[in-house]
2 protein chains.
Amino acid sequence: MTKDKKNKPSKELPLGFVDRQEKELLVRDFIISNIKKIMIKYGFQYLETPSFEYTDSIGKFLPDKDRPDEGVFSFQDEKKWLSLRYDLTAPLARYIAKNYLEIPKPFKRYQLGTVWRNEKPGPGRFREFLQFDADFVGTKSLQADAELCVMISEILENCGLNKEEYIIKISSRKITEEIFKKIKIDNIEQKLTVLRALDKIDRLGWDSVKKLLGEGRKDKSGDFTKGANLSSKNINFLEKELKNKSPETEDLKEILKIFSDYNFNNFEVDPSVIRGLEYYTGPIFEVNLKFDVKNNKGQVIQFGSIGGGGRYDNLVSNFGNYDAPATGISIGLDRLVYALLQKKELKVKQTKPIVICILDKNLMKEYISLQMILRSAGISTEIYPGEGKLKKQMEYANKIKSPAVILYGENEIKTSKPTLRDLVSGNEKSITIKELANEIKKII
Amino acid sequence: MTKDKKNKPSKELPLGFVDRQEKELLVRDFIISNIKKIMIKYGFQYLETPSFEYTDSIGKFLPDKDRPDEGVFSFQDEKKWLSLRYDLTAPLARYIAKNYLEIPKPFKRYQLGTVWRNEKPGPGRFREFLQFDADFVGTKSLQADAELCVMISEILENCGLNKEEYIIKISSRKITEEIFKKIKIDNIEQKLTVLRALDKIDRLGWDSVKKLLGEGRKDKSGDFTKGANLSSKNINFLEKELKNKSPETEDLKEILKIFSDYNFNNFEVDPSVIRGLEYYTGPIFEVNLKFDVKNNKGQVIQFGSIGGGGRYDNLVSNFGNYDAPATGISIGLDRLVYALLQKKELKVKQTKPIVICILDKNLMKEYISLQMILRSAGISTEIYPGEGKLKKQMEYANKIKSPAVILYGENEIKTSKPTLRDLVSGNEKSITIKELANEIKKII
């Protein structure tokens, strides 16, 4: 083990990475299991691609250009570069290209997986995310786009949210494309700089974004981000257009009609929704929570969206002659769980074991037998796993929030009646082994 | 997107990484859900550490020294090095050190997670694995080690294996330590070279391993691995000792006694079991399947173990003054799933949707309504997601193995009776909307 100058390795985590505890993980499992059921109901197929891809396969569509490697963790391997995926969409496009002849067309798949972004470390900026994605590949039908929005609503309501607690915002890249035509921007790099700036409206507000659309902006740390160099006339035009809540693009009109066929109305058309990724070509959606989310200091924070997506008709065709117009949605599960944990009604059950105390090491066989009886009855049980005396054992049981301990010493063994001590009420009861499981079930 | 000389990105995966399909993923989910239930029953706590750690925190305990970075994927970040975890044990040690004051002692946790090994790419050598781990930290009690073996058996039997289909092999690092004393090896590097060589008995056989214990060995690719430079007398002594199935170390004797208290007998003492990782200090275990596993060409392969573990009393104390003797077990879920998929009795249900054909785009509202009715009844349903004519729609339904399609055109709508075509029998039936869900349930 490499050690630092004090001869001890670091016990800290790198910035942007966290340890996750039981409660959060159980809520996440609950959500994942709900999502999987809904995926089956909607007819999506389960797929998993690996963490690594060839760097050239997944490209660089990230909005964050702060870092030299543009947000992707990459390695050189034999002669080629490998990257950790930064989303689940670019690997899907690679998968489609690789398996184009075999897959059904259209192809509907869902995937759960970790993605990584090598962002500039900073408070609240994570570099590892668990995502859930669902995509339709090989269809231009806007029924697909609409269904993704309906589906994500069903997922959120299944997680316990009501219609007042979330909203799906929709927009279309066709809106910005039309604006670009009107203000005569056709340079791709400049377009991307504009889109990246607009994607920050939520986080920075219009004033800062207008600087990014113009000459550029210095952030709090003093770092300067170059702007898109639009004229102030064009910036004002852009702002006016994106604040218009009734845009007239064909794709949005059609989606609105499908929403009405679904009786789905928990959405809002908002042209200021941009989504950072470069590959979108049509409708885009964003999932926003409408209840207050607080940080660990209890302050309400600007939480932003928990996910979104959109149509990307050209991503797969980049690999060659594969005609695969597509649309997809992505949910950030860590963010969703973080918000849901603040809703009281979503407390999940954390089962803690009954602790069988070791009163006499020579009686271990009896303890093992009791443990087997209780576990067979489906009760979480453990023999105290350490070597401490009874006082330490009780401290341990309290620390892990065990509901009860079992005391079974020489005296109790004579009558085959262990003592059950309820750690919540403090009550003790002498119980036959036969009745033990039933008694425990009453108090857990 | 970076493109190669043909101007197209690669659609292939880097060596050692794979796409995983629905059936495999469903079996894996089934196993994971079983494991989680057993973890709760045994009183383990759910924890998740991130993919990345500071390189110096997780050290380099890997057996594979073939690559310059010794099997770990690492990045330089701000001034420090980060690595993708190569197991879940080293990160646990870091977690314990970081949270030493807060955690219960002993501390029992389980974790599921991907680990990465930057192995030399080659056929059948993966570089990404999904692992399940359970550990006891802060106890010297061999009850813990024994319980891990009992628990892993319960997991395997829960997965549908019977006692004839698997075995837990146990050994102890104390056996090799005693041998080292007898043959007077005290150089740590030399000891590790010996252990790494012995760990390959399963894969290479004794003849090759004896070369690795001596001067070294050239593998098939022509690469030469330096040996441990033992004398042939010592090599023969080592072989004899490791073939003795009744070693007399104190720890193994105690574990055998506990096994008998558990009525657990599906184990075998085998001193030739070494486990590659450097950090083990006491009992070690290995989980082996006893049924034939075949490769995709139908040939029976040397499958090796699906997991194992052991006691590591010093790993946590490397971080400072933390006294945390520990023991743990780890299961390679991909390997377990691969083997289980070859057992016929483990076929999981892959639900495929009923396809509502689009006979007339103007009737989309009716299709959406039918779809909602069926989904509400819990039936996996989709409106054909593409834009093809009926023939294409039927091809699609057959391709995805849909159990049935619904035909609902102008005529059917007049009588409100959709036609249900069973794609297995070929039968067609005209059914009222009210009866549709019940009729479908009869054939799925």
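Just so it is clear: chains get the letters A, B, ... in the order the sequence lines come, proteins before strands, and each one is counted from 1.
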* Structure fact -> Interface check, chain B: of A/Pro50, A/Ser33, A/Gly43, A/Pro353, most non-hydrogen pairs under 4.5 Å belong to A/Pro50
* A/Val150, A/Thr114, A/Thr49: which one forms the most heavy-atom pairs within less than 4.5 Å of chain B? -> A/Thr49
* Which portion of B/Gln45 sits near chain A, non-hydrogen atoms under 4.5 angstrom -> both
* With a 4.5 Å heavy-atom cut-off, do B/Pro385 and A/Phe107 have their side chains touching? -> no
* Asked: Counting N and O atoms only, with roles assigned by atom type, does the side chain of A/Lys41 sit under 3.5 Å from a partner on the main chain of B/Ser376, one being a donor and the other an acceptor?
  -> no
* Is A/Lys365 atom NZ crowded by more than 12 heavy atoms from other residues, nucleotides or ligands, each under 6.0 Å away? -> no
* **Side-chain heavy atoms of A/Tyr322 within contact of B/Lys11, under 4.5 Å** => yes
* May I have the step-by-step check of side-chain contact (heavy atoms from CB on, under 4.5 Å) for A/Gln21 and B/Leu47, ending in yes or no? => CA-CA 5 Å; A/Gln21 306 294 329; B/Leu47 179 72; 3.9 Å; yes
* A/Arg127 versus B/Leu82: any side-chain heavy-atom pair under 4.5 Å? -> yes
* Between B/Glu366, B/Glu154, B/Met372, B/Lys140, the one whose heavy-atom pairs under 4.5 Å with chain A are most numerous -> B/Lys140
* Asked: Taking atom CD of B/Glu24 and atom OH of A/Tyr46, what is their separation to the nearest 0.5 Å?
  -> 10.5 Å
* Asked: If you take all heavy atoms of B/Phe44 and A/Glu22, which pair is closest and at what distance?
  -> O-OE2, 4.2 Å
* **A/Glu48 side, atom CD; B/Leu130 side, atom CG - distance, nearest 0.5 Å** => 7.5 Å
* **Side chain proximity check, B/Asn318 to A/Lys8, heavy atoms < 4.5 angstrom** => no
* Top contributor to chain B interface from A/Leu15, A/Thr381, A/Ile96, A/Asn99 [non-hydrogen pairs under 4.5 Å] -> A/Thr381
* Asked: Mind checking whether A/Trp116 and B/Trp116 have parallel, tilted or perpendicular rings, split at 30° and 60°?
  -> perpendicular
* **Per-residue contact mode, B/Lys37 against chain A (heavy atom under 4.5 angstrom)** => neither
* To do: Sort B/Gln350 into side chain, backbone, both or neither according to what part of it lies under 4.5 angstrom from a heavy atom of chain A.
  => neither
* Non-hydrogen side-chain atoms of A/Phe17 and B/Ser51 separated by less than 4.5 Å -> no
* B/Ile258 vs A/Ile368 side-chain heavy atoms within contact, under 4.5 Å -> yes
* Asked: Do other residues, nucleotides or ligands put more than 12 heavy atoms under 6.0 Å from A/Lys401 NZ?
  -> no
* Between B/Lys105 and chain A, which part of the residue has a heavy atom less than 4.5 Å away: side chain, backbone, both or neither? -> backbone
* **Interchain contact, B/Tyr384 with chain A, by part (heavy-atom threshold 4.5 Å)** => side chain
* Answer yes or no: is there a side-chain heavy-atom contact under 4.5 Å between B/Lys98 and A/Asp19? => yes
* Asked: Which residue out of A/Pro104, A/Pro325, A/Gly138 racks up the most heavy-atom pairs below 4.5 Å with chain B?
  -> A/Pro104
* Heavy-atom pairs under 4.5 Å with chain A, option from B/Glu382, B/Glu395, B/Glu387 with the top count -> B/Glu387
* Structure fact -> From the list B/Pro106, B/Ala93, B/Ser402, the residue making the most non-hydrogen contacts under 4.5 Å with chain A is B/Pro106
* **Which atoms of A/Tyr42 approach chain B - backbone, side chain, both or neither, heavy atom under 4.5 Å** => both
* Assert yes or no for the condition that the ring centre distance of B/Phe73 to A/Phe52 is strictly below 6.0 Å. => yes
* **Max heavy-atom pair count under 4.5 Å with chain B, selected residue of A/Ile40, A/Leu374, A/Thr351** => A/Ile40
* **Distance (rounded to the nearest 0.5 Å) between B/Ser57 OG and A/Glu12 CD** => 8.5 Å
* Inter-residue atom distance A/Leu13.CG - B/Glu53.CD, 0.5 Å rounding -> 5.0 Å
* Check step by step if side-chain contact (heavy atoms from CB on, under 4.5 Å) holds for B/Met364 and A/Lys257. => CA-CA 11 Å; B/Met364 198 56 106; A/Lys257 195 201 157 298; 5.9 Å; no
* Asked: Got a second to check how far B/Gln143's CD is from A/Ile383's CD1, nearest 0.5 Å?
  -> 4.5 Å
* To do: Taking the side chain as every heavy atom from C-beta outward, state whether B/Ser10 and A/Lys80 have any pair of such atoms under 4.5 Å apart.
  => yes
* Asked: Should A/Glu147 and B/Arg375 be marked as a salt bridge (charged side-chain N to carboxylate O under 4.0 Å, His left out) after you check the CA-CA gap, both sets of side-chain angles, and the distance that decides it?
  -> CA-CA 13 Å; A/Glu147 179 142 311; B/Arg375 285 182 180 167; 2.6 Å; yes
* Under 4.5 Å from any heavy atom of chain B - which part of A/Lys392 -> neither
* Tell me, side chain or backbone of B/Leu84 under 4.5 Å from chain A's heavy atoms, or both, or neither? -> side chain
* Let me see the working for B/Asp29 and A/Lys36 under salt bridge (charged side-chain N to carboxylate O under 4.0 Å, His left out), right down to the final yes or no. => CA-CA 10 Å; B/Asp29 278 359; A/Lys36 285 179 179 170; 2.7 Å; yes
